[in-house]
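Letters A, B, ... are given to chains in the order of the sequence lines, protein chains preceding strands, and every chain is numbered from 1. Side-chain atoms are counted along with the backbone in the values below, which use heavy atoms only and exclude waters and symmetry mates.
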Number of protein chains: 2
Amino acid sequence: MTLKGRHIVLVEDDEIMGGSIHQRLELEGASVTWVKLMGRGLSAIRTPRLPVDGVVCDIRLPDGTGEELYEALCRTTSPPPFLFITGQGGIDQAVRLLRAGAADYITKPFDMAGFLDRLALILRPEENVDLPPQTGISVGARRVDALAAEYAAADHPVLIRGEKGLGKARLARRIHDLSDRRAAPFVEVNAHRTDRASAAMTDAIAEVGEGTLHVNGLDSLSQAAQDHLIKTLAADAPFRTIASAWPAVDERVAAGELRADLLYLLKTHEIFIPPLSERPEDATWLAKQFFEALNRRRDPPLKGLSSHAESTIRAHDWPGNGRELRARLLRAVEAAQGEWLFPSDIFPELGAESDRFSTLAEARDAAERQQIVAALTRTDGHILEAAKLLKVSRTTLWEKMQKFGL
Amino acid sequence: MTLKGRHIVLVEDDEIMGGSIHQRLELEGASVTWVKLMGRGLSAIRTPRLPVDGVVCDIRLPDGTGEELYEALCRTTSPPPFLFITGQGGIDQAVRLLRAGAADYITKPFDMAGFLDRLALILRPEENVDLPPQTGISVGARRVDALAAEYAAADHPVLIRGEKGLGKARLARRIHDLSDRRAAPFVEVNAHRTDRASAAMTDAIAEVGEGTLHVNGLDSLSQAAQDHLIKTLAADAPFRTIASAWPAVDERVAAGELRADLLYLLKTHEIFIPPLSERPEDATWLAKQFFEALNRRRDPPLKGLSSHAESTIRAHDWPGNGRELRARLLRAVEAAQGEWLFPSDIFPELGAESDRFSTLAEARDAAERQQIVAALTRTDGHILEAAKLLKVSRTTLWEKMQKFGL
DNA sequence: GGAAAATGTTCGGATTTCCGAACGCCAGAA
DNA sequence: TTCTGGCGTTCGGAAATCCGAACATTTTCC
């Protein structure tokens, strides 16, 4: 995890503390604006040199407090994520600030590694204005992005391999947009729509000109379409080919369903997108990206993604990869019950208590409760009589009433 | 500011503190459920007597911590607003809880007035003016009604799941009538009438226009009809789809009898109607509704539903759900002997002298037996699996089967 | 207002329930 | 054939439930 390209405002009057944070943040690649007065902080955040991705703010300052700073900002704008650090703060203050929308609150002295983790967690999601959408922040995802950038600069065919829902089509598009052919057309042939695949291939090749042809679903490409494609490529086609396929595409060759020469032509430059289940940090990162985007359109907006939801996302297996994640978040943000997004919103099948088969104990308790209520109704709430009716001792009935909260 | 009509769960083991909060909350007009153990809190919040508007929770409890309670709740449902109170908490804990979605955090000792202010601030906003209950008055039934109203306002497909006799068709109709399509036709395809299902589907689709199509019995839909439906939906059909199915519809997908893509297309918005046996309060409520309606047409009218009849209705299991209840009341009101409706009128098969109240042990055993039979049915008689389903050891299940002669 | 009845609550011990570990049995797979 | 996995059955200890006794407190009824 790095802070490269991020702009962070540090408000801290203490030379030592401020110096060490400043130094460390720059080491991580962030650009840091360090101010030592509340007033300076106000202007540094209100009229920044660069968009502010986050603020690290001490509470006690020579000309005021961090709280005042935060409050002043809130009055005029929606402030960037604030991480407060303080030496002598109290619980009340922490609660007050968090409820006011601060992102985190850490007491001094703290351990620098933990501090950086928490800071990275809360930073405003990248704006992605200039950078195209990325795959993620994990090592694997970065390699994918790096390869995509590298291959975009070249002009050879590319094969993208990965499970469903990992954005293979999006990646193909990104390579095109970063390449010199970006002004020419980007045409996609989807081999999964099996009918008329060959005709679609012919049309696409006619249409693409000097652009990029994306063959989506190389594994399912019909024989005729394969032949057509390879013939065109052999004849020095003017377009660039990007193909995408499932991880197990080699088996298709072994099974005789895919021409080996076609695959090896493409395979010289290959990008493999690892499944989301192998990089949980990307799952949470992606979730946050989606959440921000979706929540912006929500009325009223949610307060955030609860930390439990985050860890559940991290633990889930995501067999449907990014597509599943996106679908679940879409649904969750739309249907959220409370003010925060909880695990049950994202995985409604967990709770829902609905079709889950009840255990013996539950069935038993439900029946007991029901019978007790019935007995109490019949006796007008007389516990002793109800106990007699139910043939249990008064004590037992009392115990059970406690248990069921009656 | 008053708490009139609000239901608050108080989780606090300390007598003095709990007592004073309890007293004060009731003074303000709230109905309070006070529990002293984490486990009790869990059940009091999960299966509440009344919808919970807020929780006041101590952190340190004899059988766990408030944090654990909160976390356990988060896993299965979206928790009501939590206000934590604690004597020896730390800043880290406060920050952690607030970031997990807790609403507030107060340290003891605190001033009661301030506490009340903060509590009032976070309470779940008042339910929108009670639309008259349709499905029932229980928490589960209200949820069904609320979901129906919410989904009626949107325009996506809906899946209604529930046992027979719960009024799935009526609910589908209600969603249509509340929606913007109410002027357009409401057409129902009943897949259970297996002959000509595909033809019926074609006809219905032709007929529905821009209205609502109710696919009744999604689980029994023929392959041809499924294909037809999904093709129509994929082609941007002008109508809205509401499907109804049995609770175990997922098994149909596993068995290969129902197309997964069709189910997941519908399943994004799902309403589950809990069986009547899980909400006895609705059984009596429904009985009263039916009774009123039926009695109005009777000459001479009955004086009412005897309290014994009521408790018998509450205790009955209603395997046929609302439909059975309606049928029995119809019959009972017509054939009633006396001036009041007695249990023997509603359950004539029980014989005259059957108002003997079953003991707790009997009720418990009956419920156990029933649940065991259900589990064994579901697992095709596999004992080990059934035991897992019921969350008991194989030995215990065996013992009980002996006892019940299974 | 006061006695009697009912309720709230705790406690220790008797009883029941529950579980895991065994052991043998049997049917089907390899 | 052996091996495997599910089933029927027993057993001993751990955990829970249940009960009656006891006592304080509250409600009811005279």
Considering only NZ, NE, NH1 and NH2 on the basic side and carboxylate oxygens on the acidic side, decide whether A/R314 and A/E310 come within less than 4.0 Å.
-> no
Given atom NZ of A/K391 and atom P of D/dC19, what is their separation to the nearest angstrom?
-> 12 Å
Contacted region of DNA chain C by chain B, from 5' end to 3' end of the hits, cut-off under 4.0 Å to heavy atoms, spans C/dC18 to C/dA22
Ring centroid separation for A/F347 and A/W318, is it under 6.0 angstrom?
-> yes
Indicate yes or no for a side-chain donor-acceptor contact from B/E12 to the backbone of B/D14 under 3.5 Å, with no hydrogens or angles considered.
-> yes
Atom pairs, N/O to N/O, protein against nucleotides 13-15 of chain D, distance under 3.5 Å?
none

Neighbour count above 12 (heavy atom, 6.0 Å) for B/R60 CZ = no
For the pair B/D53 (side chain) and B/I8 (backbone), establish whether a donor and an acceptor sit closer than 3.5 Å, ignoring hydrogens and angles.
-> no
Separation of D/dT17 atom C1' from A/K400 atom NZ, nearest Å, is 7 Å
Any side-chain N or O of A/S393 less than 4.0 Å from the OP1 or OP2 oxygen of D/dC19?
-> yes
Check step by step if salt bridge (Lys or Arg N to Asp or Glu O under 4.0 Å) holds for B/E28 and B/R24.
-> CA-CA 6 Å; B/E28 298 285 331; B/R24 185 55 192 267; 3.3 Å; yes
Have a look at the helix from C/dG1-D/dC30 to C/dA30-D/dT1 and give the angle its two end axes make, five pairs each, rounded to 10 degrees.
-> 40°
Residues B/D104, B/R118: salt bridge by 4.0 Å N-O rule = yes
Pairs under 3.5 angstrom, nitrogen or oxygen only, protein versus nucleotides 5-9 of chain D, please.
from: D/dC7; atom 1: OP1; to: B/I383; atom 2: N; distance (Å): 3.1
from: D/dC7; atom 1: OP2; to: B/L384; atom 2: N; distance (Å): 3.2
from: D/dG8; atom 1: N7; to: B/R394; atom 2: NH1; distance (Å): 3.3
from: D/dG8; atom 1: O6; to: B/R394; atom 2: NH2; distance (Å): 3.3
from: D/dT9; atom 1: O4; to: B/R394; atom 2: NH2; distance (Å): 3.2

Without swapping roles, check the side chain of B/W398 against the backbone of B/I383 for a donor-acceptor pair under 3.5 Å.
-> no
Side chain of B/N321, backbone of B/K164: donor and acceptor closer than 3.5 Å?
-> yes
Would you please name every residue forming a salt bridge (Lys or Arg N to Asp or Glu O under 4.0 Å) with B/R96, sequence neighbours left out?
-> B/E67
Sequence-distant partners of A/S307, side-chain contact (heavy atoms from CB on, under 4.5 Å), two or more places apart | B/A100
What class does the angle between the rings of B/Y70 and A/H308 fall in, given that below 30° is parallel, 30 to 60° is tilted and above 60° is perpendicular?
-> tilted
Partner of B/F115 under ring-ring contact (aromatic ring centres under 6.0 Å, His included), picked from B/F84, B/F110, B/Y105, is B/F110
